[in-house]
2 protein chains.
Amino acid sequence: MGRPRRTGVTPTGNPRQEILDAAARLFADQGYVATTMSEIAKTVGLGQSSVYYWFRSKEDLLLALAGANRESLEVARRLAARSTPPPEHLYAVLYADVLQMCRGALDFYDLERAAHAQPEFFAEILADYGRLRAELEAIVDAGMRSGDFAAGDARTATAACLAQTEGMQHRFRTPTPDDAQRGPALTEPVTAARLAATAALRALLADPARSPEVERVALAALEA
Amino acid sequence: MGRPRRTGVTPTGNPRQEILDAAARLFADQGYVATTMSEIAKTVGLGQSSVYYWFRSKEDLLLALAGANRESLEVARRLAARSTPPPEHLYAVLYADVLQMCRGALDFYDLERAAHAQPEFFAEILADYGRLRAELEAIVDAGMRSGDFAAGDARTATAACLAQTEGMQHRFRTPTPDDAQRGPALTEPVTAARLAATAALRALLADPARSPEVERVALAALEA
DNA sequence: ACGGGATTTCGATGTCTCGTCGAAATCTCC
DNA sequence: GGAGATTTCGACGAGACATCGAAATCCCGT
């Protein structure tokens with residue numbers, strides 16, 4: 001019901017979901033900035049202004065798509081949050097996090113940019129990120145105290161870990177000129193996740209030789 | 001000479017350079033996308049359209065600013081390119097690269113975005129990046145053959161290294177909500193460079209215990 | 001059957017940004 | 001004093017996000 005569409009296309013299912021799907025696809029393919037509301041509207045058979053009946057703004061679309069990931073991320077993180085030794089714990093959290101980011105439709109940096117511009121609108125996303133950072137910092141700190149990790153500044157080390165995992169996520173979804181010629185260097189999300197988590201682990205471990213064993217245990221725990 | 005400015009401000013020095021300085025500052029503070037040509041024009045006392053007398057487009061500004069960094073980057077890299085063992089070589093190249101990116105006015109990702117949208121316009125930048133990647137891949141490959149690095153896929157490992165260093169660079173210049181509360185976690189470019197280079201090195205070394213010594217040697221070589 | 005209300009879409013419009021174009025104002029030099 | 005070069009301006013166009021009122025349809029009570 002409602003006024004019929006100019007295109008003649010009658011809405012089959014949930015228009016809101018169709019818009020979300022189209023936006024997810026376009027954002028993933030071209031990036032958030034390069035995607036226009038007209039494009040999104042066109043792919044679902046609507047006029048540009050009609051999208052605003054379902055979403056207040058382009059950023060609202062971003063927020064909705066980000067929220068979709070949030071839940072499964074929580075689940076993965078809670079799975080890993082059982083009282084495990086810091087090295088395995090760190091590995092599991094980072095691995096799950098990168099995996100989630102790579103599989104989602106949104107580039108983390110797009111989200112970050114939007115959140116930076118409108119902090120109150122993206123308050124939940126920012127709070128989520130803050131919790132992740134705090135959790136990681138606690139793990140790093142615990143590991144440094146226990147001697148598993150080399151002594152140092154937990155906060156700086158945590159920031160570095162996150163920065164590098166985010167970079168990995170971005171490169172996974174954004175091809176370089178070299179990728180265009182030889183095919184993508186990072187093909188699977190699990191590859192990116194494993195590389196990022198292992199690198200962080202080895203950077204922190206007091207005895208990096210333990211890293212294969214830690215990785216093995218953490219991955220086994222994540223399977224369950 | 002030329003028509004006087006509406007603002008009454010007479011150009012003191014080189015208008016082109018003044019525009020570049022203003023753009024560098026604004027890009028660094030707010031990011032490329034969030035900065036408007038009107039803002040840039042206003043800070044140098046020009047009308048919006050007058051900036052286009054000195055630069056063809058906003059992207060041209062980006063290109064000019066990127067070019068300014070390019071030279072010193074070449075120098076740093078050539079310094080490190082002397083025939084050194086792969087571990088030290090890798091460390092030196094990554095360290096110099098991150099340092100350069102952190103000190104420059106531009107976020108690497110802004111540059112990447114623009115280059116992706118207009119490859120021919122940013123051809124030199126893209127070629128530069130390709131050379132860096134190829135050089136790193138050669139180092140990684142050599143290290144894997146010599147046994148210094150653990151065996152694996154050189155291309156993937158190189159992509160991961162670069163992805164993580166770029167992420168570090170981005171986080172260095174873009175504060176998180178946590179940074180706003182407690183002050184920036186990464187304060188000095190050298191800190192970011194050291195963390196990124198060390199992490200990459202330890203991720204690759206067959207015997208990560210060598211990393212402190214490699215780091216020491218590489219940093220000493222860079223001093224000279 | 002008919003009219004009121006709710007739902008969904010449209011078209012027109014406003015604002016902002018990048019970028020273009022021709023005109024205007026100034027200086028230099030003849 | 002005038003021709004040409006240099007630099008700036010103001011007006012304008014295109015494209016994007018967003019708003020608003022009107023229009024088209026369906027549902028429901030009478």
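Reminder, nothing fancy here: chain letters follow the sequence lines and each chain counts from 1.
Here B:Tyr109 and A:His170 bring their ring centres to under 6.0 angstrom of each other. Ring to ring, B:Phe108 and B:Phe172 are not that close: their centroids are 6.0 angstrom or more apart.
Counting to the nearest Å, the C1' atom of C:dC18 and the CG atom of B:Leu62 are 15 Å from each other. Taking atom CD of A:Glu39 as the reference point, atom P of D:dG15 lies 13 Å away to the nearest angstrom. Distance B:Arg5 CZ to D:dT8 C1': 8 Å, rounded to the nearest Å. In this structure, CD of B:Gln17 is placed 15 Å from P of D:dT7, rounded to the nearest angstrom.
When the nearest nucleotides of DNA chain C are assigned to B:Ser38 and A:Ser50 by heavy-atom distance, the more 5′-ward of the two goes with A:Ser50.
If you check the side chains of A:Asn14 and A:Glu18, you find no donor sitting under 3.5 Å from an acceptor. Side-chain atoms of A:Asp179 and A:Thr176 form a donor-acceptor pair, as typed in the model, at a separation below 3.5 Å.
None of B:Leu46, B:Val51, B:Ile19 except one satisfies the side chain to side chain contact (heavy atoms under 4.5 Å, CB included) rule with B:Met37; the exception is B:Val51.
Note that the two end axes of the helix from C:dA1-D:dT30 to C:dC30-D:dG1 enclose an angle of 30°, each drawn from 5 base pairs, rounded to 10 degrees.
Contacts of B:Thr36 with the nucleic acid, taken as non-hydrogen atoms under 4.0 Å apart, involve only primed sugar atoms and P, OP1 or OP2.
Considering only residues two or more places apart in sequence or on other chains, B:Gln30 meets the side chain to side chain contact (heavy atoms under 4.5 Å, CB included) condition with B:Leu26, B:Ala34, B:Thr35, B:Glu39.
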**OP:** Quick one, give me the B/S/- string for nucleotides 18-26 of chain D, reading 5' to 3', where B means a protein heavy atom under 4.0 Å from the base and S means that only happens at the primed atoms, P, OP1 or OP2.
**Re:** BB---BBBS

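B:Asp153 CG to B:Thr158 OG1: the interatomic distance, rounded to the nearest 0.5 Å, is 8.0 Å.
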